[in-house]
Amino acid sequence: MRTPVIAGNWKMNKGPAEAAELINELKPLVKEAKATVVVCVPAIDIPAAKKALKGSKIKLGAQNVHFKESGAFTGELSASMLKEAGVEYVIIGHSERRQYFAETDETVNLRVKAAVAGGLIPIICVGEKKEQREAGYTDALVAYQTLIALTGLTEDEIKKVIIAYEPVWAIGTGLTATDEQANETIGVIREAIRAKYGKRVSDRVRIQYGGSMNPKNVKGLMAQPQIDGGLIGGASLKAEDFAKVVHFE
Ligand code: 13P
C-alpha cells in the first residue's frame, strides 16, 4: 500500500562535477525502479544535479532547510530557495545535524513546518544513541522525537512526510540494526503516530530505516512489514551499490 522510498544521503561528499557524473551513472541502473528514488545532494550540487536528472524519475533532495523565509541567517537556505532550484525532498534533523550543529527537537519541528509550507517533502530523522538503547529508552525517545517533529502539521500533511529511523550507533559504523530491531522500532514510531493521529494517517506515513543499509542487508530489512525504504549514506556514493539497494537485491 505504501510505495517504498529509497533516498541517498550523500552528506558532505562530491562537488558539482562528480555529482553529475554519479547521477549519470545511476540513471540507467534505476530506470525500472518500483521504489521512489531520491538523491539528497550537497547544496552546492543542486543546479548540476537538477540538470543531470533531466528526463529521469529520480527525485532531487537537499540535506537541510532553514525555518525562516529570508533574512539574516548566514549560511542557511530557505524552503522557497530550494524549491525554486528544483528540490522536492529535504532531510531534516539528521543525527549529524543534531550532534554537530546543535539541532534540537524544537528546531527540527520548525524546519519541518517550513519545509511543508514551502511545498517540500521532509525526510525527518529520528533515532537513539547506543547508550540510550542500552538503557531501554529507545521506544520512548523515538516516539517523542517523531511527535515533536510533526507538531503543528495537519493530518493530510503528516500523511506525506517521510520518517527515517536511524539508530545513531548504526550510522557509518558498519553496524546495522537487525531486521527485527529495525522493524520493531519503526513499529513503535508508527504506533505513536496512530495513537495521536489515527490509523488512516499512520498507515500512510512512509518510515525508512537508515544506518549502514547496503546491498547485502537491504533484502532482509525491506522484507519487514513496517519498513518502507531506506536512507542510505555510504552505499549511496557508488552507483552500482545504490542501484542494488534501490532494487532490494
Ligand atoms: P550510512 O549508510 O553511511 O551508515 O549512513 C546512514 C545515514 O546517516 C543516512 O542518512
Side-chain angles (χ1 to χ4, degrees), residues 4-14 18-19 22 26 30 35-43 45 49 58-65 87-101 103 108 111-112 115 120-130 132-133 138 141-142 145-146 149 161-179 181-183 185-186 189 206-222 224 227-249:
V5 53
I6 305 286
N9 174 10
W10 292 8
K11 309 193 178 182
M12 195 173 74
N13 292 290
K14 300 191 181 291
E18 280 185 316
L22 177 52
L26 188 62
V30 300
T36 306
V37 182
V38 186
V39 287
C40 298
V41 305
D45 298 350
I58 303 171
K59 307 290 187 186
L60 183 55
Q63 298 176 10
N64 195 16
V65 59
V87 168
E88 291 180 75
Y89 292 75
V90 60
I91 297 172
I92 297 178
H94 192 279
S95 64
E96 287 148 18
R97 301 269 346 149
R98 295 176 191 257
Q99 189 177 347
Y100 305 127
F101 303 98
E103 298 255 352
V108 168
R111 289 176 203 265
V112 168
L120 301 173
I121 298 177
I123 301 176
I124 305 164
C125 301
V126 301
E128 81 289 1
K129 296 182 185 143
K130 184 163 172 277
Q132 292 167 328
R133 176 164 282 268
T138 299
L141 184 87
V142 296
Q145 286 178 327
T146 302
V161 309
I162 296 169
I163 313 275
Y165 166 56
E166 298 209 309
V168 179
W169 49 270
I171 294 178
T173 56
L175 295 174
T176 328
T178 63
D179 301 345
Q181 271 174 335
N183 188 62
T185 307
I186 289 177
I189 294 168
R206 290 185 288 177
I207 312 181
Q208 301 172 311
Y209 170 76
S212 302
M213 198 189 239
N214 60 45
K216 288 206 180 77
N217 59 29
V218 65
K219 203 171 169 184
L221 287 160
M222 287 303 295
Q224 296 293 324
I227 304 182
D228 302 321
L231 185 57
I232 324 298
S236 72
L237 295 171
K238 287 205 188 107
E240 263 180 39
D241 286 353
F242 188 58
K244 283 185 185 154
V245 174
V246 163
H247 295 290
F248 329 148
E249 279 161 12

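If you're wondering where the values come from, they're calculated on a predicted model, not measured in any experiment. Atom set for the values below is all heavy atoms of this structure, side chains included, hydrogens, waters and symmetry mates excluded. Both counts, for ligands and for their atoms, begin at 1 and track the order of listing.
- Here the OH atom belonging to Y209 is positioned 9.5 Å from the OG1 atom belonging to T185, to the nearest 0.5 angstrom.
- Of the possible donor and acceptor atoms, one in the side chain of R98 sits under 3.5 Å from a partner among the backbone N and O of C125.
- The shortest contact between atom 3 (O) of ligand 1 and any protein heavy atom is with G234 N, 2.8 Å.
- Contact annotation: A235 has no heavy atom less than 4.0 Å from any atom of ligand 1.
- Without hydrogens or angle criteria, E88 side chain to I121 main chain gives no donor-acceptor distance under 3.5 Å.
- The backbone N or O of S212 sits less than 3.5 Å from a side-chain atom of N217, completing a donor-acceptor pair.
- Interface of G172 with ligand 1, defined as ligand atoms under 4.0 Å from a residue heavy atom, comprises 1 (P), 3 (O), 4 (O).
- In terms of N/O distances under 3.5 Å, ligand 1 is not approached by G210.
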Kindly determine whether E103 and R111 satisfy side chain to side chain contact (heavy atoms under 4.5 Å, CB included), including the steps that lead there. CA-CA 10 Å; E103 298 255 352; R111 289 176 203 265; 3.0 Å; yes
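- Counting the atoms of ligand 1 from 1 in the order shown, those under 4.0 Å from a heavy atom of S212 are 1 (P), 2 (O), 4 (O).
- For N9, every heavy-atom contact with ligand 1 shorter than 4.0 Å involves the side chain, none the backbone.
- Short contacts between ligand 1 and H94, defined as distances under 4.0 Å to a heavy atom of the residue, involve ligand atoms 7 (C), 8 (O), 9 (C), 10 (O).
- Ligand 1 lies less than 4.0 angstrom from a heavy atom belonging to A170.
- Between S236 atom OG and L231 atom CG the span is 8.0 Å, to the nearest 0.5 Å.
- Here the CD atom belonging to Q99 is positioned 6.5 Å from the NZ atom belonging to K129, to the nearest 0.5 angstrom.
- Interface of G211 with ligand 1, defined as ligand atoms under 4.0 Å from a residue heavy atom, comprises 4 (O), 6 (C).
- In terms of protein heavy-atom proximity, atom 2 (O) of ligand 1 is closest to G233 N, 2.9 Å.
- Comparing heavy-atom distances from atom 5 (O) of ligand 1 across Q208, K11, E166 singles out K11 as nearest.
- Here the rule is side-chain contact (heavy atoms from CB on, under 4.5 Å) with R206, and of I163, I227, V5, V161 only V5 fits it.
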